[in-house]
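Each residue takes its place number in the sequence, starting with 1. Because the structure is predicted, anything quoted here is derived from the model rather than measured.
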Amino acid sequence: MKASVIRITSLGIFVLLWQTLAWWLHDPALPGPWQVFSLLIEEAERGALWRHLGATLMRMLVSFSVAMAIGCGIGLGLGLSRCLDVWFYPWLMIILNVPALVTIILCYVWLGLTETAALLAVVLNKTPNVAITLREGVRALDQELLAMARCYRLGWRKTLHHVIWPQLHPYLMAATRSGLALIWKIILVVELLGRSEGVGYQLHLFFQLFDVAGILAYTVAFLGIIGVIELAILKPLDRYQCRWRT
């Protein structure tokens with residue numbers, strides 16, 4: 001059986017179990033999938049869903065791009081330079097272990113309830129994860145392959161393309177996938193605490209109204225978008241970069 005068929009079947013079983021549990025409990029705290037999807041369609045028709053999803057996606061795109069760029073630069077620097085690693089790795093670990101909520105609150109206190117503060121809080125929470133992942137990738141590079149590249153005088157372009165990049169690709173994809181999962185969760189907290197639009201803001205309103213269906217509807221919508229990003233962008237990119245294995 002193909003993997004895609006198995007995944008669809010598994011998802012169908014999950015929805016069936018959800019519906020069965022909702023029917024059995026018959027409690028507003030656990031609405032069934034049909035009620036959630038009905039509310040999702042209603043929110044989409046009146047435009048609220050697209051406005052709030054768009055705001056969250058824009059914040060995710062900006063903060064993800066900045067965090068990946070800075071994190072990759074730091075990770076490569078620490079992985080290549082023993083001196084930099086000794087000096088700045090403790091800093092990285094301190095920032096990495098500061099709770100996300102603390103970072104968000106401090107950014108809002110220092111910079112006010114602004115979009116800049118919101119984005120900075122997300123970037124500060126994600127950058128250390130990327131840096132640590134890329135640092136480990138650089139430290140795990142096969143030195144014998146690098147020596148062979150120097151022996152055959154491949155040049156830095158071919159060495160980067162054929163020797164270094166294939167080894168770093170899994171680490172970069174791991175940082176990308178974990179980054180998407182982490183960033184959108186942090187963005188929801190950022191929006192809940194200090195923004196007037198976005199999925200997090202909507203979840204805060206639904207929480208005040210004890211509207212579990214609304215909370216699940218916006219959650220499902222964003223999970224769907226993350227799934228599209230994974231299937232339409234990350235998996236094809238992964239297959240293309242790893243085509244040499246087949």
Side-chain angles (χ1 to χ4, degrees), residues 56-147 156 159-161 163-195 198 200 226 229-230 233-234 237-238 241-242:
T56 299
L57 282 173
M58 182 58 64
R59 293 185 183 111
M60 187 180 76
L61 177 62
V62 173
S63 56
F64 175 79
S65 301
V66 174
M68 287 296 292
I70 298 175
C72 286
I74 295 174
L76 291 174
L78 297 185
L80 293 172
S81 173
R82 174 66 178 170
C83 180
L84 289 176
D85 187 57
V86 171
W87 272 99
F88 295 108
Y89 184 72
W91 296 20
L92 196 61
M93 292 305 298
I94 291 174
I95 300 174
L96 180 66
N97 288 284
V98 172
L101 184 60
V102 173
T103 305
I104 295 169
I105 292 175
L106 288 177
C107 286
Y108 276 145
V109 170
W110 290 337
L111 302 178
L113 299 178
T114 63
E115 192 70 19
T116 301
L119 295 176
L120 179 62
V122 180
V123 171
L124 288 176
N125 278 290
K126 174 54 190 169
T127 299
N129 298 81
V130 180
I132 290 292
T133 304
L134 265 293
R135 170 185 177 269
E136 295 304 317
V138 173
R139 290 162 65 92
L141 288 175
D142 193 326
Q143 296 302 316
E144 293 184 357
L145 289 178
L146 293 174
W156 72 271
T159 301
L160 177 63
H161 181 69
V163 180
I164 297 177
W165 175 249
Q167 297 182 70
L168 287 182
H169 173 73
Y171 293 91
L172 188 62
M173 292 304 295
T176 300
R177 287 190 168 98
S178 64
L180 287 174
L182 177 64
I183 275 182
W184 88 271
K185 295 171 185 176
I186 297 173
I187 288 176
L188 294 188
V189 180
V190 168
E191 293 174 341
L192 185 148
L193 292 176
R195 296 285 82 203
I226 297 297
I229 293 174
E230 171 69 22
I233 300 176
L234 298 184
L237 180 62
D238 213 7
Q241 293 294 339
C242 297

- Return the set of residues passing side-chain hydrogen bond (donor to acceptor under 3.5 Å, both in side chains) with T127 (not counting sequence neighbours), or none when no residue passes. none
- Looking only at heavy atoms, which two atoms of A117 and G112 are closest? And how far apart? CB-O, 3.3 Å
- Message: Please list all pairs meeting ring-ring contact (aromatic ring centres under 6.0 Å, His included) that have one or both residues in residues 170-190, counting only residues at least two apart or in different chains.
- Response: W184-F222
- For residues 86-104, which residue pairs qualify under salt bridge (Lys or Arg N to Asp or Glu O under 4.0 Å), counting only residues two or more places apart or in two chains? none
- N125 and A121: which non-hydrogen atoms are nearest, and at how many Å? ND2-O, 2.7 Å
Would you give me the side-chain donor-acceptor pairs under 3.5 Å for residues 87-94, sequence neighbours excluded?
none

- Item | Qualifying residues under salt bridge (Lys or Arg N to Asp or Glu O under 4.0 Å), relative to R195, sequence neighbours excluded | E115
- Task: Report the C-alpha separation of V86 and R82 in whole Å, then their side-chain angles, then the decisive distance to 0.1 Å, and conclude whether the side-chain contact (heavy atoms from CB on, under 4.5 Å) test is met.
- Result: CA-CA 6 Å; V86 171; R82 174 66 178 170; 3.8 Å; yes
- side-chain hydrogen bond (donor to acceptor under 3.5 Å, both in side chains) with E136: which residues, sequence neighbours excluded? none
- Task: Provide the closest heavy-atom pair for A175 versus L134 in the form atom of the first, atom of the second, distance.
- Result: CB-CD2, 4.3 Å
- From I229 atom CD1 to T176 atom OG1, the distance as rounded to the nearest 0.5 Å: 11.5 Å
- With sequence neighbours excluded, tell me which residues meet salt bridge (Lys or Arg N to Asp or Glu O under 4.0 Å) with R139. D85
- Item | Sequence neighbours excluded - salt bridge (Lys or Arg N to Asp or Glu O under 4.0 Å) pairs with any residue from residues 167-176 | none
- Item | Contact list for residues 94-105, test salt bridge (Lys or Arg N to Asp or Glu O under 4.0 Å), sequence neighbours left out | none
- Item | Closest contact, heavy atoms only, E191 versus T56 | OE2-OG1, 2.8 Å
- Could you state the interatomic distance from CD1 (I187) to CG (L192), rounded to the nearest 0.5 Å? 13.5 Å
- Distance-minimising heavy-atom pair for S178 and K126: OG-NZ, 3.5 Å
Would you be so kind as to tabulate the donor-acceptor pairs closer than 3.5 Å made by side chains of residues 63-80, with sequence neighbours excluded?
| from | atom 1 | to | atom 2 | distance (Å) |
| --- | --- | --- | --- | --- |
| S63 | OG | R59 | O | 2.6 |
| S63 | OG | M60 | O | 3.4 |
| S65 | OG | L61 | O | 2.8 |

- salt bridge (Lys or Arg N to Asp or Glu O under 4.0 Å) pairs touching residues 168-180, sequence neighbours excluded, are R177-E230, R177-D238
- side-chain contact (heavy atoms from CB on, under 4.5 Å) between L180 and L234, worked out: CA-CA 11 Å; L180 287 174; L234 298 184; 3.8 Å; yes
Side chains of residues 99-109: which donor-acceptor partners sit under 3.5 Å, not counting sequence neighbours?
| from | atom 1 | to | atom 2 | distance (Å) |
| --- | --- | --- | --- | --- |
| T103 | OG1 | P99 | O | 3.4 |
| Y108 | OH | V190 | O | 2.8 |

